[in-house]
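A short write-up of the structure that comes next.
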Amino acid sequence: MTNDEKLELLADVFDVDVSEINPDLTLDEMETWDSMTKLSLVALADSKFHKSLKKETIATFKTVQDILNYLG
């Protein structure tokens with residue numbers, strides 16, 4: 001899966017248009033980076049990437065690129 005495809009999935013998770021999300025975006029700058037988004041991210045990682053995402057790992061994410069790196 002390409003980064004563009006992953007960004008489209010993340011745009012859905014963040015409930016934003018794909019044009020509003022890029023790898024350099026800092027998560028703290030996003031209004032939608034909240035507990036519900038984090039739960040949606042856990043579900044995405046499990047269903048699409050077969051990865052178990054723990055809250056300790058989520059806490060290390062600072063940018064969208066960090067999420068992309070984790071998803072592989």
Side-chain angles (χ1 to χ4, degrees):
M1 182 176 289
T2 67
N3 269 355
D4 287 340
E5 292 169 324
K6 291 176 195 171
L7 284 172
E8 287 180 27
L9 292 172
L10 289 177
D12 286 340
V13 167
F14 283 96
D15 196 29
V16 296
D17 189 84
V18 71
S19 65
E20 297 178 43
I21 192 167
N22 66 70
D24 297 325
L25 189 60
T26 302
L27 297 173
D28 288 339
E29 295 173 7
M30 299 189 71
E31 291 179 20
T32 59
W33 183 239
D34 58 18
S35 59
M36 291 303 295
T37 302
K38 292 171 186 175
L39 285 174
S40 295
L41 182 59
V42 169
L44 173 72
D46 182 48
S47 67
K48 295 284 186 185
F49 299 92
H50 308 290
K51 292 189 174 212
S52 178
L53 185 53
K54 306 284 185 206
K55 66 180 178 178
E56 296 83 9
T57 303
I58 293 172
T60 67
F61 296 159
K62 303 298 180 213
T63 64
V64 171
Q65 184 63 55
D66 293 335
I67 299 171
L68 294 172
N69 292 343
Y70 178 81
L71 295 176

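Side-chain atoms are counted along with the backbone in the values below, which use heavy atoms only and exclude waters and symmetry mates.
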Requested in this report: Before giving the answer on side chain to side chain contact (heavy atoms under 4.5 Å, CB included), spell out for Leu10 and Val16 the whole-Å C-alpha distance, their side-chain angles and the decisive distance to 0.1 Å.
Outcome: CA-CA 9 Å; Leu10 289 177; Val16 296; over 6 Å; no

Requested in this report: Indicate yes or no for a side-chain donor-acceptor contact from Thr57 to the backbone of Leu53 under 3.5 Å, with no hydrogens or angles considered.
Outcome: no

Query raised in the report: Once you round to the nearest 0.5 Å, how far does CG of Leu44 lie from OG1 of Thr37?
Result: 12.0 Å

Report task. Verify the neighbour count for atom CG of Asn22: are there more than 12 heavy atoms of other residues, nucleotides or ligands below 6.0 Å? Result -> yes

Query raised in the report: Do the side chains of Pro23 and Ile67 get nearer than 4.5 Å, heavy atoms only?
Result: no

Query - Atom pair CG/NE2 of Asp46 and His50 - distance to nearest 0.5 Å - result: 8.0 Å

Query raised in the report: Quick check: are there more than 12 heavy atoms from other residues, nucleotides or ligands sitting under 6.0 Å from CD of Glu56?
Result: yes

**Report entry** side chain to side chain contact (heavy atoms under 4.5 Å, CB included) between Thr26 and Val64, worked out
**Finding:** CA-CA 7 Å; Thr26 302; Val64 171; over 6 Å; no

Report summary line: The reported gap from CG in Leu9 to OG in Ser40 (rounded to nearest 0.5 angstrom) is 12.0 Å

Query - Side-chain donor-acceptor pair present, Asp4, Thr2, cut-off under 3.5 Å - result: no

Requested in this report: Applying side chain to side chain contact (heavy atoms under 4.5 Å, CB included), run through Asp24 and Thr63 and close with a yes or a no.
Outcome: CA-CA 6 Å; Asp24 297 325; Thr63 64; over 6 Å; no

Requested in this report: Give, for atom NZ of Lys55 and atom NZ of Lys38, the distance between the pair rounded to the nearest 0.5 Å.
Outcome: 11.0 Å

Query raised in the report: How far does CG of Asp15 sit from CE of Met36, to the nearest 0.5 angstrom?
Result: 11.0 Å

Query raised in the report: Do Thr60 and Asp66 pass the side chain to side chain contact (heavy atoms under 4.5 Å, CB included) test, and can you show the C-alpha distance, the side-chain angles, and the key distance before you say yes or no?
Result: CA-CA 8 Å; Thr60 67; Asp66 293 335; over 6 Å; no

Query raised in the report: Transitively linked via ILVMFWY side-chain contacts under 4.5 Å: Trp33 with Leu39?
Result: no

Query raised in the report: Taking everything shown except Met1 itself, do over 12 heavy atoms lie less than 6.0 Å from its CE?
Result: yes

Requested in this report: Might you confirm whether atom NZ of Lys48 has over 12 heavy atoms from other residues, nucleotides or ligands at distances under 6.0 Å?
Outcome: no

Requested in this report: Would you check if Tyr70 and Ile58 make a side-chain contact, meaning some heavy-atom pair closer than 4.5 Å?
Outcome: no

Query raised in the report: How many angstroms lie between atom CG of Asn69 and atom CG of Asn3, to the nearest 0.5 angstrom?
Result: 8.0 Å

**Report entry** Any Leu27 side-chain heavy atom under 4.5 Å of Phe14 side chain
**Finding:** yes

